[in-house]
Amino acid sequence: MPWFVKIEEGIVDKPTFDQNVSAHKAYVQELIAKGHKAKTGYWGQRGGGMMLFEASSMDEAEAIVALDPLVENGCVNYKLYEWKIVVE
């Protein structure tokens with residue numbers, strides 16, 4: 001299954017962002033349970049992060065990202081890429 005990367009930038013204040021982090025983490029746990037091998041994290045310098053996951057297609061990846069609570073609640077701007085792995 002192809003890998004996808006959501007690169008995100010926070011666009012709300014930290015208290016608003018933090019209110020949505022637990023829902024985001026729970027969502028990623030759901031993705032893991034469904035077999036998407038999701039991982040999420042943030043940059044060492046505050047203000048953004050990324051989520052890696054497997055999906056069957058770009059359409060499915062877009063649907064997955066659209067349901068992320070950080071996206072649903074307008075906390076981030078993001079770009080979504082299919083990641084072509086060269087070496088594992």
Side-chain angles (χ1 to χ4, degrees):
M1 210 180 320
W3 280 91
F4 293 87
V5 181
K6 176 185 74 156
I7 306 286
E8 60 192 24
E9 175 187 19
I11 57 173
V12 295
D13 58 64
K14 186 167 177 3
T16 302
F17 188 90
D18 288 349
Q19 288 174 355
N20 293 282
V21 169
S22 61
H24 168 71
K25 288 179 179 179
Y27 182 63
V28 173
Q29 290 293 335
E30 288 177 28
L31 293 175
I32 293 167
K34 292 178 180 177
H36 292 283
K37 299 181 185 174
K39 301 174 186 326
T40 189
Y42 59 91
W43 309 128
Q45 69 282 4
R46 203 170 94 203
M50 125 177 150
M51 183 171 78
L52 298 166
F53 61 96
E54 287 185 338
S56 61
S57 65
M58 180 59 85
D59 287 341
E60 182 184 27
E62 289 171 348
I64 287 169
V65 169
L67 294 174
D68 182 336
L70 293 178
V71 173
E72 283 187 321
N73 293 298
C75 296
V76 296
N77 283 332
Y78 69 90
K79 291 190 177 189
L80 179 63
Y81 302 95
E82 183 175 351
W83 185 33
K84 300 288 190 178
I85 297 173
V86 177
V87 177
E88 288 191 73

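- Screening residues 47-65 for salt bridge (charged side-chain N to carboxylate O under 4.0 Å, His left out), with sequence neighbours left out, gives Lys37-Glu54.
- Here the shortest heavy-atom pairing between Ala55 and Ala61 reads CB-N, 3.9 Å.
- The line from CE of Met1 to OG of Ser57 is 10.0 Å long, rounded to the nearest 0.5 Å.
- Rounded to the nearest 0.5 angstrom, His36 NE2 and Glu30 CD are separated by 10.5 Å.
- Cluster membership for Trp3 and Tyr81, using ILVMFWY side-chain heavy atoms within less than 4.5 angstrom, is shared.
- Contact of the Tyr27 side chain with the Ile64 side chain is registered, since non-hydrogen atoms from C-beta on lie closer than 4.5 Å.
- Between Ala38 and Leu31, the closest heavy-atom pair is CB-CB, 3.9 Å.
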_If you apply the rule side chain to side chain contact (heavy atoms under 4.5 Å, CB included), what do you find for Met51 with Leu70, and how did you get there?_
CA-CA 11 Å; Met51 183 171 78; Leu70 293 178; over 6 Å; no
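- Phe53 places none of its side-chain heavy atoms less than 4.5 Å from the side chain of Val28.
- Residue Tyr42 belongs to no hydrophobic cluster, having no ILVMFWY side-chain heavy atom closer than 4.5 Å to its own.
- Here salt bridge (charged side-chain N to carboxylate O under 4.0 Å, His left out) pairs that include residues 76-88, with residues two or more places apart or in two chains, are Glu82-Lys84.
- Every residue two or more places apart in sequence or in another chain that forms a side-chain contact (heavy atoms from CB on, under 4.5 Å) with Val5 is listed here: Ile7, Met50, Leu52, Trp83.
- The heavy-atom pair separating Glu8 from Trp43 by the smallest distance is O-NE1, 4.1 Å.
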Side chains of residues 18-26: which donor-acceptor pairs under 3.5 Å do they make with residues two or more places apart or in other chains?
{"residue": "Asp18", "atom": "OD1", "partner": "Lys14", "partner atom": "NZ", "Å": "3.3"}
{"residue": "Asp18", "atom": "OD2", "partner": "Lys14", "partner atom": "NZ", "Å": "2.7"}
{"residue": "Asn20", "atom": "OD1", "partner": "Asn73", "partner atom": "ND2", "Å": "3.0"}
{"residue": "Asn20", "atom": "ND2", "partner": "Thr16", "partner atom": "O", "Å": "3.0"}
{"residue": "His24", "atom": "ND1", "partner": "Asp68", "partner atom": "OD1", "Å": "2.9"}
{"residue": "His24", "atom": "ND1", "partner": "Asp68", "partner atom": "OD2", "Å": "3.1"}
{"residue": "His24", "atom": "NE2", "partner": "Thr40", "partner atom": "OG1", "Å": "2.9"}

